[in-house]
There are 2 protein chains.
Amino acid sequence: MPQENGKPAGARARQRQQRIGQILAAAEQVFAEAGFGGASMSALAAAAGLPKANLHYYFGTKEALYRALLDSILDLWLSATDSIQPDADPAAALESYVRTKMLWSRTRPHASKVFANEVLHGATHLRSYMAGPLRALVREKSRVLEGWIAAGRMQPVDPPHLFFAIWAMTQTYADFSAQIAAVLERPELTPEDHATGTQTVLQLVLRGCGLACPAGPQAVPEA
Amino acid sequence: MPQENGKPAGARARQRQQRIGQILAAAEQVFAEAGFGGASMSALAAAAGLPKANLHYYFGTKEALYRALLDSILDLWLSATDSIQPDADPAAALESYVRTKMLWSRTRPHASKVFANEVLHGATHLRSYMAGPLRALVREKSRVLEGWIAAGRMQPVDPPHLFFAIWAMTQTYADFSAQIAAVLERPELTPEDHATGTQTVLQLVLRGCGLACPAGPQAVPEA
DNA sequence: ATGATTCTTGACCGTTTGGTCAGACTTCTC
DNA sequence: GAGAAGTCTGACCAAACGGTCAAGAATCAT
């Protein structure tokens with residue numbers, strides 16, 4: 001009985017996409033936990049529940065699999081809705097940006113760790129991304145902040161360094177979660193920890209820029 | 001002619017210490033660039049300018065060498081002068097703390113990266129450090145901050161999360177220097193970049209805590 | 001149905017890995 | 001100066017590594 005299990009036309013392409021996604025998802029976890037050098041093809045295969053040769057069939061080399069994973073993470077990274085627009089309210093825009101970044105740290109910690117690991121070791125595979133879209137994005141958004149500052153809508157800050165600070169503070173809840181959890185005496189970070197973290201980061205960013213900060217611990221967006 | 005080259009009594013022990021330091025210094029750089037899994041004993045040996053078997057003579061295994069390196073970094077980390085004391089001025093104390101951390105990021109970036117890499121991958125080798133001295137330190141300093149807050153000397157903040165934020169913002173200038181340099185279009189970070197970063201971090205921390213922030217880019221401590 | 005195409009996989013290969021070891025060399029003790 | 005103790009290192013090893021491949025299985029177009 002052929003195509004018994006709900007396999008209409010084009011099942012091939014769909015199956016392929018699913019397999020690739022399955023491998024990338026496993027790779028995200030393994031690379032996040034072990035780094036590039038520490039992750040072996042056998043470990044990656046085992047995590048994906050597939051024979052090693054199968055990964056080589058889809059991606060060729062370990063290096064290529066790693067680059068494909070980085071690309072998928074970068075897509076997600078850049079697709080983050082960007083609320084920083086010239087005619088937006090500075091406080092609301094920055095708050096939205098911080099909340100988005102914090103949400104991303106909570107829901108995709110492995111992706112954040114893979115990215116962090118790559119940058120930590122020199123960002124060899126991200127040169128074109130950094131010199132291209134990332135640099136352009138920072139330049140564009142920095143101009144927006146400079147406009148706000150010139151209009152007296154917020155205190156003077158060095159815009160690029162403000163971004164570095166926001167990235168660092170928000171991503172630390174993914175990348176350094178082991179340290180934060182250990183200090184807070186928990187096996188792992190809770191949603192409440194993330195909420196407190198969000199509130200703290202918001203306070204530093206908003207007040208640091210001379211803006212009003214919402215005092216209450218607002219509702220956490222759903223996972 | 002024995003002990004010709006300035007080798008008085010006890011030259012043995014001193015030579016040993018020097019060799020160990022030489023190996024650890026090389027290991028710091030290699031582990032920072034490649035991670036634990038990516039660093040091979042041959043690479044470590046080459047960086048130290050010694051045959052591979054010599055490293056095994058002093059440290060036994062790669063794992064033991066790595067742990068010894070982590071220990072030496074932790075010593076340095078904890079030895080950072082801590083200005084946060086109950087009777088200190090909050091603004092001055094926090095400023096001093098941030099400046100110390102930033103200085104450390106500039107002068108010992110490799111050490112910071114090794115530490116970051118370890119935490120990123122789960123901090124397996126740092127469990128006792130995190131659950132012990134680090135947790136105790138955060139607890140003690142958090143009480144100081146709570147005292148300041150209760151006395152109305154600074155705005156309310158969650159002290160542990162404030163520390164997480166400060167660690168993240170300052171260490172990012174070592175750990176993520178590749179990203180920052182790429183965005184700023186430089187081959188590597190300059191002292192001026194670190195000065196601007198320090199100023200930005202200080203502004204966020206101090207104003208975020210409702211404290212006055214020194215406006216001018218003060219003198220950078222010498223390397 | 002049938003031949004072409006795409007997937008799947010166990011077995012295999014050359015290289016590199018972390019680690020060992022015997023023996024040469026240096027320094028210390030007496 | 002003789003012997004003990006500590007240091008150094010080239011040669012070597014088993015295991016694990018990333019990667020290959022041929023041959024079978026599944027799916028496709030016609």
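Because the structure is a prediction, the values reported are computed rather than measured. Order of the sequence lines sets the chain letters (A, B, ...), proteins ahead of strands, with each chain counted from 1.
In this structure, the side chain of B:T200 engages the main chain of B:T196 through a donor-acceptor pair within 3.5 Å.
Residues from residues 29-53 of chain A placing a heavy atom under 4.0 Å of any atom in DNA chain C, listed by number, are A:P51, A:A53.
Protein atom CD1 of A:I20 is 14 Å distant from nucleotide atom P of C:dT6, rounded to whole Å. Between the P atom of C:dG10 and the NE2 atom of A:H56 lies a distance of 14 Å, rounded to the nearest Å. Summarising the geometry, the separation between CG on B:L65 and P on C:dG19 is reported as 10 Å, rounded to the nearest angstrom.
Sparse packing is recorded around CD of B:E188, with 12 or fewer heavy atoms of other residues, nucleotides or ligands lying under 6.0 Å away. Other residues, nucleotides and ligands contribute at most 12 non-hydrogen atoms within 6.0 Å of the CZ atom of A:R139.
Look at B:K113 and B:E118 and you find no salt bridge, because none of the NZ, NE, NH1 or NH2 atoms lies under 4.0 Å from a carboxylate O.
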Self-check item: Residue pair A:Y173, B:H161: steps toward the ring-ring contact (aromatic ring centres under 6.0 Å, His included) verdict
Solution: CA-CA 10 Å; A:Y173 285 89; B:H161 286 266; 5.7 Å; yes
Quiz item: Do B:R108 and B:E28 pass the salt bridge (Lys or Arg N to Asp or Glu O under 4.0 Å) test, and can you show the C-alpha distance, the side-chain angles, and the key distance before you say yes or no?
Solution: CA-CA 10 Å; B:R108 294 293 300 271; B:E28 186 173 298; 2.8 Å; yes
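In this structure, B:K62 satisfies the cation-pi test against B:F36, with its NZ or CZ atom closer than 6.0 Å to the six-membered ring centre and inside 45 degrees of the ring normal. Relative to the six-membered ring of A:Y97, A:K141 misses at least one condition, a distance below 6.0 Å or an angle of at most 45° to the axis.
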For nucleotides 3-7 of chain D, which of its nitrogen or oxygen atoms have a protein nitrogen or oxygen under 3.5 Å away, and what is each distance?
unit_1	atom_1	unit_2	atom_2	d
D:dG6	N3	B:R12	NH2	3.2
D:dT7	OP1	B:R16	NH1	3.2
D:dT7	OP2	B:R16	NH1	2.9
D:dT7	OP2	B:Y57	OH	2.4
D:dT7	O5'	B:Y57	OH	3.2

